[in-house]
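Taking it in order: structure first as structure tokens, then the write-up.
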Amino acid sequence: MSEREIRLRLPDGSERRVPAGTTAREVAQSIGARLAKAALAAKVNGEVVDLDRPLQEDAEIRILTFEDEEGRAVFRHSSTHVLAQAVKRLWPEAKLGTGPALEDGFYYDIDLPHAPSEEDLARIEEEMRRIVEADYPIVREEWPREKARAFFLERNEPYKVEIVDDLPPDATISVYRQGEFVDLCRGPHVPSTGRIRHFKLLSVSGAYWRAKEGNPVLQRIYGTSFERKEDLEHFLWAREEAKKRDHRRLGPELDLFTFHEEAPGFAFWHPKGWIFYRELERLSREVQERHGYQEVRTPYIYRAELWKTSGHWEHYRDNMFLTEREDEVFGFKPMNCPGHCILYKEKIRSYRDLPLRISEYGPLARCERSGALHGLLRVRGFHQDDAHLFVREDQIEDEIRDVIEIVDEIYSTFGMRYRIVLSTRPEDYMGELALWEKAEAQLAQALQSLGRDFRLNPGDGAFYGPKLDFYVTDALGREWQTATVQLDFQLPVRFDLHYVDRDGQERRPVMIHRAILGSIERFAGILVEHFAGDFPLWLAPVQARVLTVTDEVKGYGAGVRDRLKAAGLRVELDDRSEKIGYKIRQAELEKVPYMLVVGRREAEAGLLAVRSRRGGDEGAMPVEAFAATALERVRSRAL
RNA sequence: GCUGGCGUAGCUCAGUCGGCAGAGCGAGCGAUUCGUAAUCGCUAGGUCGAGGGUUCAAGUCCCUCCGCCAGCUCCA
């Protein structure tokens, strides 16, 4: 047998020669014992494979560990097999569906006679622990189609049989074996069950087989797993913490907003919540005015004719609130763009008028399906920090750069980081190919010129234009899609928009839909959770509360409150005949940033004693000195 | 919209086998005049989500609807 050699290129650029047939595991071992121990799978020429896969050709290879997104996916995927094995041991009649990895966990859809209870989950976990202890090797086998089909048929796994039957004729059919358990699976997997040491089953819900209504409902068992115990513990802590700061609990508790069944999907903003909401709008207006945006307010109900022109009638009608009057159908606007197109058309536009930036904070309504509603995060009635930019083709790049600067200004104010995803032309695109390519190049160029990393999501754009989506990360590490920049080549055609170019010719502008906070309602909900209701001073509905120690200083307290109010702070007075500790406790629970204690000492010296929610007792100071510091924090929107 | 679960005082929850609707917190009133996270006492507070049914009797059992929750789905 000839000892053929192959060349492997490692991520650090180095190259090494090994005999053909060397496994990824052996490569990892040759790199280092630590890496070999951490190795979960390997990425060979872009394909994620088992560590035991023999390498036959020259390749780029990367050993995947839990630090890699793909490594985690393999780890979680193997976790689902441990889960499935445990369930099959406890309920042999269970029929397995599919069990993929999620971003921070996994699930397995299983046909069980009854929904597993909390106790059942505990039993499954116990069984999983035994499987992990046993440390079964996870072994890949490739089978002929008929063998796989017969095997799963015989084991009474109709869903698996269905998957086998649906695989393309030329597909390699692989199964993975661990102990007595065999699952149809493309893989790859971690080397043995002993790797899945730290896991937790989280919840159960129903899910249709293959996500198709009408199909049988399987029990979807959710769980998560980590390589390190601390990471699992941190994950579970963050989950608990998320529950605690759920905006649906904190909102009413802090008297910000409520929901009522009389108007599902629409928020009632209370006085305190509305102060917070308006501060968000104010920030948006400030930034956008500086960037040359012009705010307008357009109608919220239009004749159906308008929605036919815009294409919403065809594509979005199911999500619209429609109403009929005098034999005519009207629709409440789900978006501002058609109204802004009407504004654009009012005049003949010159190339000099562009870019034209029209912003609006008006009410929007989308009839989200009842099951989709979720506090402020998914509502039917909302407002966006919306704007439509009408630009020449050659202005796209500059304009995108300007939008990204706005995004920066706004998100840095909240101390939130974000990442950008560029989605490009889908298969069913409309419009000219040349325009698409030019626009996509400008989007990428804008990002590159600002030195921004971004992920490419090829083919995920809308049929009318490519887009940028922004995902912000909150204090618990959760990601939220908020800002979006959407190029639109179709609406200008539908509304027959044009401008007169330098040469006197009429040309088609490109429209850019963009929102930075997105739905302000939704963003408000995200912020409540991000700050756990503990808002920075500029957002706090009540910025300071004057607390009197005894009744004899009521008058002084009222005076202090009035002076601070006059200075421009949002201040309340608590002069009830309660003990100071009680008043402080209450103010703390209401998350008031500054508690200003006034007793006889302060009254005599003309001072106030500052206690800040974050810093505790900060000592006494003159009223005006406090006002000046506080106002400066508000002005700078300090965190 | 679909699957499953839930709905009792402002909030959190208890309510057994169908047999007089409860607690804590909060609220109101009164007393207390106190120095950095809970002073004491008294009082009020309910269409048990809505409608229908079974029963001598329904918070409890059955049906329909509404809302909420976990998912699915959707997200021109």
Side-chain angles (χ1 to χ4, degrees), chain A residues 102 107 109 114-118 202-222 243 246 248-249 252-253 255 258-265 307 310-320 334-335 337-338 366-375 378 426 428 430 461-465 467 469 481 484 486 488 490-491 494 513 518-519 522 547-554 575-592 594-603 608-613 615-620:
Chain A
L102 301 171
Y107 67 79
D109 284 344
H114 67 284
S117 61
E118 285 289 317
L202 301 170
S203 60
V204 182
S205 75
Y208 298 103
W209 166 239
R210 296 199 154 173
K212 257 234 218 41
E213 249 170 63
N215 276 351
V217 173
L218 310 186
Q219 305 300 327
R220 175 166 294 182
I221 302 178
Y222 285 88
K243 245 185 253 172
D246 191 323
R248 290 168 298 180
R249 174 206 292 254
E253 218 169 273
D255 201 17
T258 46
F259 284 91
H260 296 275
E261 62 181 79
E262 286 81 353
W307 302 113
S310 70
H312 287 84
W313 196 255
E314 188 186 340
H315 297 290
Y316 204 68
R317 183 166 32 152
D318 287 348
N319 276 302
M320 288 178 62
M335 301 172 197
C337 27
R366 298 181 185 173
C367 193
E368 301 291 351
R369 294 161 79 171
S370 53
L373 300 178
H374 185 89
R378 191 58 162 253
D428 61 344
M430 289 183 74
F463 66 81
Y464 51 86
K467 64 174 176 178
D469 285 316
Q481 198 264 307
T484 177
Q486 174 77 64
D488 193 334
Q490 282 310 302
L491 222 46
R494 285 182 167 274
H513 313 253
S519 151
R522 177 176 143 89
L547 311 177
T548 53
V549 178
T550 61
D551 286 351
E552 67 174 341
V553 295
K554 271 183 171 186
D575 61 359
R576 294 172 302 168
S577 305
E578 297 286 353
K579 291 167 74 167
I580 193 67
Y582 179 79
K583 296 187 193 182
I584 285 172
R585 175 179 160 78
Q586 201 155 333
E588 289 278 0
L589 290 176
E590 291 174 35
K591 315 254 186 208
V592 178
Y594 286 112
M595 286 147 277
L596 309 173
V597 177
V598 295
R600 186 185 301 180
R601 292 204 296 268
E602 288 75 18
L608 45 73
V610 178
R611 178 194 165 95
S612 82
R613 188 187 47 194
D617 195 343
E618 294 180 8

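Naming: A, B, ... by sequence-line order, numbering from 1 per chain. Atoms considered below: every heavy atom in the structure, side chains included; atoms not considered: hydrogens, waters and symmetry mates.
- Rounding to the nearest 0.5 Å gives a distance of 10.0 Å between CD of A:E578 and CG of A:D551.
- Spacing between B:C69 and B:C20 at atom P, rounded to whole Å, works out to 34 Å.
- Between A:R494 and A:E314, at least one side-chain N (NZ, or NE/NH1/NH2) sits under 4.0 Å from a carboxylate O, which counts as a salt bridge.
- Nearest nucleotide to the side chain of A:Y582, out of B:A37, B:G67, B:G26: B:G26.
- The shortest non-hydrogen separation linking A:R220 to A:D109 is NE-OD1, 2.7 Å.
- Distance check, rounded to the nearest 0.5 Å: CG of A:D488 to NZ of A:K467 gives 12.5 Å.
- Residue A:G581 is in sugar-phosphate contact alone, with no base atom involved, counting any heavy-atom pair closer than 4.0 Å across all strands shown.
- Remark: the separation of the C1' atoms in B:C68 and B:U8 is 15 Å, to the nearest Å.
- Considering only the side chain of A:L373, B:C68 comes nearest among B:C34, B:C68, B:U36.
- Between the CG atom in A:L547 and the CZ atom in A:R611 there is a gap of 9.5 Å [rounded to 0.5 Å].
- How far CZ of A:R378 is from CZ of A:R369: 10.5 Å, rounded to the nearest 0.5 Å.
- The gap from the C1' atom of B:G7 to that of B:C13 amounts to 13 Å, rounded to the nearest Å.
- Remark: A:H374 is not in phosphate contact with B:C68, judged by side-chain N or O atoms under 4.0 Å from OP1 or OP2.
- Within 6.0 Å of the CZ atom in A:R576, the count of heavy atoms belonging to other residues, nucleotides or ligands exceeds 12.
- The line from CG of A:L491 to NE2 of A:H312 is 7.0 Å long, rounded to the nearest 0.5 Å.
- Nucleotide B:C11 forms a pair with B:G24, judged by Watson-Crick or G-U wobble geometry with both contacts under 3.5 Å.
- Distance from the side chain of A:R220 is smallest for B:C72 among the nucleotides B:G67, B:C72, B:C74.
- When the C1' atom of B:U73 is taken as reference, atom CZ of A:R210 falls 17 Å away, rounded to whole Å.
- Contact annotation for A:I584: base contact, defined as any heavy-atom pair under 4.0 Å involving a base atom.
- Comparing the P positions of B:G22 and B:U16 gives an interatomic distance of 14 Å, to the nearest angstrom.
- Nucleotide B:U16 forms no Watson-Crick or G-U wobble pair with any nucleotide shown, as no partner meets the under 3.5 Å limit on both distances.
- Rounded to a whole Å, the NZ atom of A:K579 is 8 Å from the P atom of B:A38.
- With a 4.5 Å cut-off on side-chain heavy atoms, A:R249 and A:K243 do not count as touching.
- To the nearest whole angstrom, the two P atoms, one in B:G52 and one in B:A58, are 13 Å apart.
- Nucleotide B:U73 forms no Watson-Crick or G-U wobble pair with any nucleotide shown, as no partner meets the under 3.5 Å limit on both distances.
- One P atom belongs to B:C34, the other to B:A27, and the distance between them is 23 Å to the nearest Å.
- Both distances falling under 3.5 Å, in either a Watson-Crick or a G-U wobble arrangement, occur for no nucleotide opposite B:G59.
- When each of B:G67, B:C75, B:U73 is scored by its nearest atom to the side-chain atoms of A:R369, the top-ranked nucleotide is B:U73.
- A:K554 has its NZ atom 14 Å from the P atom of B:U33, to the nearest Å.
- Comparing B:G10 with B:U73, their C1' atoms are spaced 36 Å from each other, to the whole Å.
- The distance between atom CG of A:D617 and atom P of B:A37, rounded to the nearest whole Å, is 9 Å.
- Nucleotides B:G45 and B:C40, compared at atom P, are 24 Å apart to the nearest Å.
- Remark: B:C48 base-pairs with no nucleotide; criterion is Watson-Crick or G-U wobble with both hydrogen-bond distances under 3.5 Å.
- The residue A:E578 sits close to a base: some heavy atom pair falls under 4.0 Å.
- Contact between the side-chain N/O atoms of A:R601 and the OP1/OP2 oxygens of B:G35 is not found at any separation under 4.0 Å.
- Across all strands shown, the partner of B:C68 is B:G5, judged by Watson-Crick or G-U wobble contacts whose two distances both fall under 3.5 Å.
- The phosphate of B:C72 has OP1 or OP2 within less than 4.0 Å of a side-chain N or O from A:Y222.
- Residue A:R248 has a polar side-chain atom (N or O) positioned under 4.0 Å from OP1 or OP2 of B:C69.
- Counting any heavy atom pair closer than 4.0 Å across all strands shown, A:D488 reaches a base atom.
- Nucleic acid contact class of A:F259 (heavy atoms, under 4.0 Å, all strands): none.
- Rounded to whole Å, atom P of B:C75 lies 15 Å from atom CG of A:D469.
- Figure legend. B:G41 is base-paired to B:C29; pairs are counted as Watson-Crick or G-U wobble with both atom distances under 3.5 Å.
- Residue contacts shown for A:R378 include a base, since a base heavy atom lies under 4.0 Å away.
- Across all strands shown, A:L547 has no heavy atoms under 4.0 Å from either base or sugar-phosphate atoms.
- A:E602 comes within contact range of at least one nucleobase, with a heavy-atom separation under 4.0 Å.
- A:A609 comes within 4.0 angstrom of a base, heavy atoms only.
- Looking at heavy-atom distances under 4.0 Å, A:S203 makes no contact with the nucleic acid at all.
- Taking atom CD of A:E618 as the reference point, atom C1' of B:G35 lies 17 Å away to the nearest angstrom.
- Put simply, A:R611 has a side-chain N or O that comes within less than 4.0 Å of OP1 or OP2 on B:A37.
- At whole-Å resolution of the value, CG in A:L202 and P in B:G71 are 10 Å apart.
- Of the two residues near RNA chain B, A:V597 and A:Q586, the one whose nearest nucleotide lies more 5' is A:Q586.
- A:R585 places its CZ atom 16 Å from the P atom of B:U36, with the value rounded to the nearest Å.
- For A:G616 and A:Y464, each mapped to the nucleotide of RNA chain B holding its nearest heavy atom, the one lying further toward the 5' end belongs to A:G616.
- Nearest nucleotide to the A:T550 side chain, out of B:U33, B:C72, B:C66: B:U33.
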